[in-house]
Amino acid sequence: MGGRALILVKGLPLPKHHIFTDFSCNSSSAKLLRLRRNNNSWGRRNFSTWATNGSSLEPPDVPRLAETARISLAPHEVEEFAPKIRQVIDWFGQLQAVDLQSVEPAIRADTQGDNFRDDVPETFENREAIIAAVPNYEEPYVKVPKILNKE
Amino acid sequence: MLSSLQPPRTLSRFPSKPIYLFRKTSLKPLSSQPITNSTLTDQSQSQTHSQILSIRHSLLCGQLTATQLVESFLTRLRQTEPHLRSFLHVSDTVLRQANELDEKIKRNEEVGPLAGVLVGVKDNICTAGMPSTGGSRILEGYQPPFDATAVRKIKELGGIVVGKTNLDEFGMGSTTEGSAFQVTANPWDVSRVPGGSSGGSAAAVSARQCVVSLGSDTGGSVRQPASFCGVVGLKPTYGRVSRFGLMAYASSLDVIGCFGSSVEDAGILLQAISGHDKLDATSSKQEVPDFTSQFISLNLLESKPLKGLRIGLIRETLDDGVDSGVNSAIRGAASHLEELGCSVSEVSLPSFSLGLPAYYILASSESSSNLSRYDGVRYGNQVTADELNALYGDSRAKGFGHEVKMRILMGTYALSAGYYDAYYKRAQQVRTIIQKSFKAALDEHDILISPAAPSAAYKIGEKKNDPLAMYAGDIMTVNVNLAGLPALVLPCGFVDGGSAGLPVGLQMIGAPFDEEKLLKVGHVFEQTLQNCRFVPPIITDDVAS
């Protein structure tokens with residue numbers, strides 16, 4: 001319910017009606033949507049703390065990471081993920097103790113590669129099949145919902 | 001009766017050697033034919049032979065039609081699949097393709113070296129007109145408009161794609177429990193995991209649901225399941241095989257690899273898929289030698305066939321934390337190599353343990369970038385939303401599973417401004433150290449050996465909720481990906497567990513582009529290994545009952 005309240009405060013049109021018409025066939029989608037909005041506000045709030053704390057090695061701020069990675073996480077997922085991610089990141093930290101002065105980074109395996117072909121565009125022969133896989137298509141455009149918000 | 005057919009002893013296209021057609025019960029349909037004394041006698045031979053060569057031989061000699069052959073596999077597949085769940089999709093055109101092949105053979109037309117060979121393909125490798133989901137809900141129902149280069153090559157040589165095998169979602173996992181669709185069971189004990197992420201491909205070959213299969217190996221995803229399922233798994237040198245059509249997880253580490261029930265089959269499959277591809281700039285122009293010409297049959301082997309070969313046993317891989325049964329199987333394998341004429345000495349790779357965190361930093365970071373393509377806009381499943389960012393976020397939230405989300409989030413963290421130097425760059429520096437230490441060890445030795453995993457197959461659910469315990473199981477394999485080296489895993493012994501014991505795999509690591517040596521040594525090892533038959537009970541029990 002908090003999610004819907006938030007949407008109403010933001011003044012988006014017909015949130016209740018919208019949610020329950022478009023998502024009534026799939027209650028989990030509706031739930032995800034509500035929770036996502038909750039999250040974003042949480043993410044932003046935490047972000048301010050994050051930013052003022054400078055660039056020392058801070059523990060991961062999961063809502064912020066989820067927003068950056070464009071994955072809508074429900075609050076219970078954030079609670080579930082946070083300790084696990086923190087545990088793994090702590091474990092990553094063991095590399096801080098290794099003396100790596102003057103060691104060059106290797107971007108990949110030291111085998112052969114970089115056999116670039118000429119930079120000439122080629123038309124994929126099965127173009128129709130690629131377009132057929134687009135979930136929402138209106139010749140000649142891939143259709144997506146609005147990109148700009150009023151806010 | 002199929003098992004009574006006796007093929008002639010030579011075949012023009014391949015080196016002549018005795019071939020035991022349908023030596024294994026595995027090539028017979030389950031239960032439809034009673035087991036006989038003669039079949040049992042055949043099975044008592046412990047040598048492992050190439051199924052691909054047997055198939056080619058019997059097809060060309062007219063002793064078996066492709067239709068009969070394919071039907072025997074499909075029957076077994078149908079009977080074992082409810083217990084194993086190795087396949088996410090089984091092709092409905094297999095019989096038609098077999099029929100076409102029979103017509104070709106009747107007309108005396110040339111057939112390719114993989115004619116009639118049923119190939120399982122890991123579901124993160126694209127197959128035109130066949131579902132390719134990567135084990136993820138976000139691609140449920142997706143059918144790519146193209147074949148991966150490896151798949152295209154297999155088809156051109158006559159291979160038949162039998163279906164798409166189960167995996168941990170996008171290759172992220174070590175048990176195949178991370179598939180969005182089903183959990184695959186180990187054919188040696190169905191209460192255990194087959195390993196992962198290519199668990200479906202390994203289980204399918206182990207249970208002889210197909211002849212060979214393709215997997216992918218980013219941190220051990222071919223080698224560890226090969227060890228758990230008692231089959232041969234080959235991870236080629238980075239760049240040996242085109243990655244075009246492989247759903248990218250960590251592009252600097254990913255390779256397509258091969259599973260077979262014999263070293264020879266794995267080598268023949270590697271031969272088929274190797275070589276430069278203009279669609280993958282990281283694929284190498286290095287010449288591809290004939291991997292299949294060097295397999296010497298057992299009766300032609302000298303008493304010390306591997307004389308002079310220098311083997312290094314990696315000390316750090318037999319430390320505490322490695323199962324004692326695995327430890328003794330690997331030491332037994334080392335003695336066996338000594339008996340074959342090798343000189344075996346211990347070698348230390350001091351940076352070995354650093355490989356694990358470095359691997360997980362690099363793989364997570366690269367995956368967070370690679371998986372950004374799954375946004376629900378151009379393909380895959382889209383959640384309806386009233387605004388674009390919500391469409392991305394909700395489609396990805398609904399489409400990705402737990403482990404994938406976790407790795408994307410960890411990778412996003414490691415690549416964040418201010419953290420990049422501390423994590424991603426440091427991991428790349430560790431990669432340099434690991435590459436150098438392998439190079440030094442391989443200057444002194446022809447081949448390095450180690451276990452492929454610290455234990456044999458464990459129970460389904462055992463490590464599911466402990467990411468660090470799961471990651472620790474990859475210690476034997478990730479360093480090899482960081483260095484881009486080729487490695488062959490082949491069954492070398494058993495530990496207690498299940499009704500028939502659980503297989504243990506020996507990992508052999510070679511110098512870049514030296515798959516040839518690994519296959520040669522692996523083949524001699526396999527042919528001379530006594531008293532070990534790596535045919536799982538799910539087949540033999542059913543046949544006996």
A/Trp91 vs B/Leu468 side-chain heavy atoms within contact, under 4.5 Å: yes
Derivation of the side-chain contact (heavy atoms from CB on, under 4.5 Å) call for B/Met406 and A/Ile85: CA-CA 7 Å; B/Met406 183 149 144; A/Ile85 291 178; 4.0 Å; yes
B/Tyr423/A/Ile89 under side-chain contact (heavy atoms from CB on, under 4.5 Å): CA gap, chis, key distance, verdict: CA-CA 9 Å; B/Tyr423 294 105; A/Ile89 300 281; 3.5 Å; yes
A/Ile107 portion near chain B, given a 4.5 angstrom heavy-atom threshold: both
Nearest heavy-atom neighbours spanning A/Pro135 and B/Gly380: CG-O, 3.4 Å
A/Gln94 versus chain B, the contacting section by heavy-atom distance below 4.5 Å: side chain
Region of B/Ile434 in contact with chain A, defined by heavy-atom distances below 4.5 Å: neither
Worked check of side-chain contact (heavy atoms from CB on, under 4.5 Å) between A/Val88 and B/Tyr360: CA-CA 9 Å; A/Val88 177; B/Tyr360 273 96; 5.6 Å; no
B/Ser368 portion near chain A, given a 4.5 angstrom heavy-atom threshold: neither
Non-hydrogen side-chain atoms of B/Gln429 and A/Gln101 separated by less than 4.5 Å: no
Check: B/Arg396 side chain, A/Arg70 main-chain N or O, donor-acceptor pair, under 3.5 Å: yes
Between CE on residue B/Met410 and CZ on residue A/Phe92, distance to nearest 0.5 Å: 4.5 Å
Interatomic distance, A/Ile71 atom CD1 to B/Leu409 atom CG [nearest 0.5 angstrom]: 5.0 Å
Closest contact, heavy atoms only, B/Ile408 versus A/Ala69: CG2-CB, 3.7 Å
When A/Ile131, A/Val142, A/Ile130 are compared by non-hydrogen pairs under 4.5 Å with chain B, the top option: A/Ile130
Lys/Arg-Asp/Glu bridge criterion (N-O < 4.0 Å) met for A/Glu104, B/Arg431: no
Flag side-chain contact, heavy atom, 4.5 Å: B/Tyr424 against A/Pro105: no
Toward chain A, the part of B/Ala414 with a non-hydrogen atom under 4.5 Å: neither
side-chain hydrogen bond (donor to acceptor under 3.5 Å, both in side chains) assessment of B/His402 paired with A/Glu80: CA-CA 10 Å; B/His402 184 276; A/Glu80 192 191 338; 3.2 Å; yes
For the student: nearest non-hydrogen atoms of B/Pro145 and A/Ala129, plus distance: CB-CB, 3.3 Å
Max heavy-atom pair count under 4.5 Å with chain A, selected residue of B/Leu279, B/Asp280, B/Leu356: B/Leu356
A/Tyr141 OH: over 12 foreign heavy atoms closer than 6.0 Å: no
Under 4.5 Å from a heavy atom of chain A, the part of B/Leu391 involved: side chain
Heavy-atom side-chain proximity of B/Thr432 to A/Leu100 below 4.5 angstrom: no
Option that, when pairs with chain A are counted at under 4.5 Å, heavy atom only, ranks first among B/Lys425, B/Lys436, B/Lys405, B/Arg407: B/Lys405
Beyond-backbone contact of B/Leu388 with A/Lys146, side-chain heavy atoms, under 4.5 angstrom: no
Residue pair A/Ser72 / B/Ala397: nearest heavy atoms and the distance that separates them: O-CB, 3.0 Å
Heavy-atom contact with chain B under 4.5 Å, split by part of A/Val98: both
B/Val377 and A/Val134: CA distance, side-chain angles, deciding distance, side-chain contact (heavy atoms from CB on, under 4.5 Å) verdict: CA-CA 7 Å; B/Val377 172; A/Val134 177; 5.9 Å; no
Leading residue by heavy atom contact count with chain A [cutoff under 4.5 Å; candidates B/Ile361, B/Thr412, B/Asp466]: B/Ile361
Distance-minimising heavy-atom pair for A/Gln96 and B/Ala422: NE2-O, 2.9 Å
Nearest-0.5 Å distance that lies between atom CG in A/Asn126 and atom CZ in B/Phe146: 10.0 Å
Heavy-atom contact with chain B under 4.5 Å, split by part of A/Tyr137: neither
Gap between atom OG1 of A/Thr68 and atom CG of B/Leu415 - 0.5 Å precision: 11.0 Å
